[in-house]
2 protein chains.
Amino acid sequence: MGLTEAYRGGRVSPQRELIADTADRLGRAFTVDELCGAVREKRENVGVATVYRAVGALEGSGWLARVGERDGSVLYARCVRDAHHHHLVCTGCGTVAYIECPLDAGALNTAAGHGFEVTRHEIVLYGTCAACRSSSQMAGDD
Amino acid sequence: MGLTEAYRGGRVSPQRELIADTADRLGRAFTVDELCGAVREKRENVGVATVYRAVGALEGSGWLARVGERDGSVLYARCVRDAHHHHLVCTGCGTVAYIECPLDAGALNTAAGHGFEVTRHEIVLYGTCAACRSSSQMAGDD
DNA sequence: TTTACTGCAAATCCTTTGCAGTCTG
DNA sequence: CAGACTGCAAAGGATTTGCAGTAAA
């Protein structure tokens, strides 16, 4: 997916190019504020509103995905995979992994049994990645 | 579970009794603001902060559960079932149904394969209940 | 009597919006 | 050129916090 599609046919300003590039390089889940901070390391004076608007567009095209929240802020992550899937987020470092959708016929049948027609679902798994577990062991905070 | 346990051993004031009773009677998912409005129909001058604090306590004991969000506000619902489960929320009227946890060995193995140790997960299914579907058909907004 | 709970108001904090100016397409 | 994007600042909205007073235990 090119940046033009990522921005849903909108214009690709230098700021938007930098924002997408930065999000991509982060390689982990981030809040808009964190992304904004990272962007400003390369170019100062990028407004928060600009980042919020860019993230909104990137989310709309599926280039970014919401992967839960942290301390009241929405967490986003670069979403490369095409097929339907969900995310596994390390609460320590934000590393993200993909997982298959665990919803099976059983779950949907249960919903249908209740008279529900499922239109949308949100699934996020939080955990600790191997690196964070070993570093916390070394620090003794287990 | 009695109210004392629901409030985690805290004090049970008339306000807290009313708040729990109102949440129970609502019988659907609600935001703190909605709950506060319903509570005030019975007793005015109940502060929002009081409701927020009560809901926080009720959530901590498992008497209430977060079941997603709507328009930027957290959605809560009375949680009766003991065993681990998740919720199905009608986006029309807020009706809630329980569903079994769809996470199976496969999903957890995938996580383990990525080096992750899953500590927590959030699953919410949104949809429309039979009543809302039929009423929207009658209204012609299908 | 102790101290948790209450109501009110102020404070936080994330996110959105309004505007005038700039720059992409 | 038109209008989409930008930076700044103000607005908005949900939730939290500070405080003095009240009341559960």
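Below, chains carry the letters A, B, ... as their sequence lines are ordered, and counting in each starts from 1.
- The shortest side-chain heavy-atom distance between Glu34(A) and Ser73(A) does not fall under the 4.5 Å cut-off.
- Nucleic acid contact for Val46(A): sugar-phosphate only, since backbone atoms but no base atoms lie under 4.0 Å from a heavy atom of the residue.
- Each of Arg11(B) and Ala54(B) lies near DNA chain C, and the nucleotide nearest Arg11(B) is the one positioned closer to the 5' end.
- For a distance-only test at 3.5 Å, the side chain of Arg53(A) fails to qualify as a donor-acceptor partner of the base of dT6(D).
- One atom, CZ of Arg66(A), and another, C1' of dC14(C), lie 12 Å apart when rounded to the nearest Å.
- Considering Thr95(B), Ile99(B), Val124(B) in turn, Ile99(B) is the only one that fulfils the side chain to side chain contact (heavy atoms under 4.5 Å, CB included) rule with Leu88(B).
- Atom P of nucleotide dT15(C) and atom CD of Glu69(A) are separated by 9 Å, given to the nearest angstrom.
- Note on Ser13(B): every side-chain N or O is 4.0 Å or more away from OP1 and OP2 of dA23(D).
- Rounded to whole angstrom, the span from the CZ atom of Arg16(A) across to the C1' atom of dT22(C) amounts to 14 Å.
- Note on Tyr52(A): every side-chain N or O is 4.0 Å or more away from OP1 and OP2 of dT16(C).
- Of the two residues contacting DNA chain D, namely Thr4(B) and Arg40(A), the nearest-nucleotide position lying further toward the 5' end is that of Arg40(A).
- Spacing between atom CG of Leu3(A) and atom P of dT24(C) amounts to 15 Å, rounded to whole angstrom units.
- Cluster membership check: Ile123(A) does not share its hydrophobic cluster with Tyr126(B), using side-chain heavy-atom separations under 4.5 Å among Ile, Leu, Val, Met, Phe, Trp and Tyr.
- For the pair Glu17(A) CD and dC23(C) P, the interatomic distance rounds to 16 Å; values are reported in whole Å.
- Applying the 4.0 Å criterion to OP1 and OP2 of dT6(C), one finds that Asn45(B) has every side-chain N and O outside that range.
- Aromatic rings from His86(A) and Tyr98(A) are positioned such that their centres are separated by 6.0 Å or more.
- Smallest separation of non-hydrogen atoms from His87(A) and Cys79(A): NE2-SG, 3.7 Å.
- Counting any heavy atom pair closer than 4.0 Å across all strands shown, Thr50(B) reaches a base atom.
- The interatomic distance linking Arg8(A) (CZ) with dT24(C) (P) rounds to 22 Å, in whole Å.
- In this model, the phosphate group of dC5(D) is not approached by any side-chain N or O of Gln15(A) to a distance below 4.0 Å at OP1 or OP2.
- Residue whose closest nucleotide on DNA chain D sits further toward the 5' end, between Tyr76(B) and Val12(B): Tyr76(B).
- Counting to the nearest Å, the P atom of dT6(C) and the CD atom of Glu44(B) are 18 Å from each other.
- Residue Glu34(A) contributes atom CD, which lies 11 Å from atom P of dT15(C) at whole-angstrom precision.
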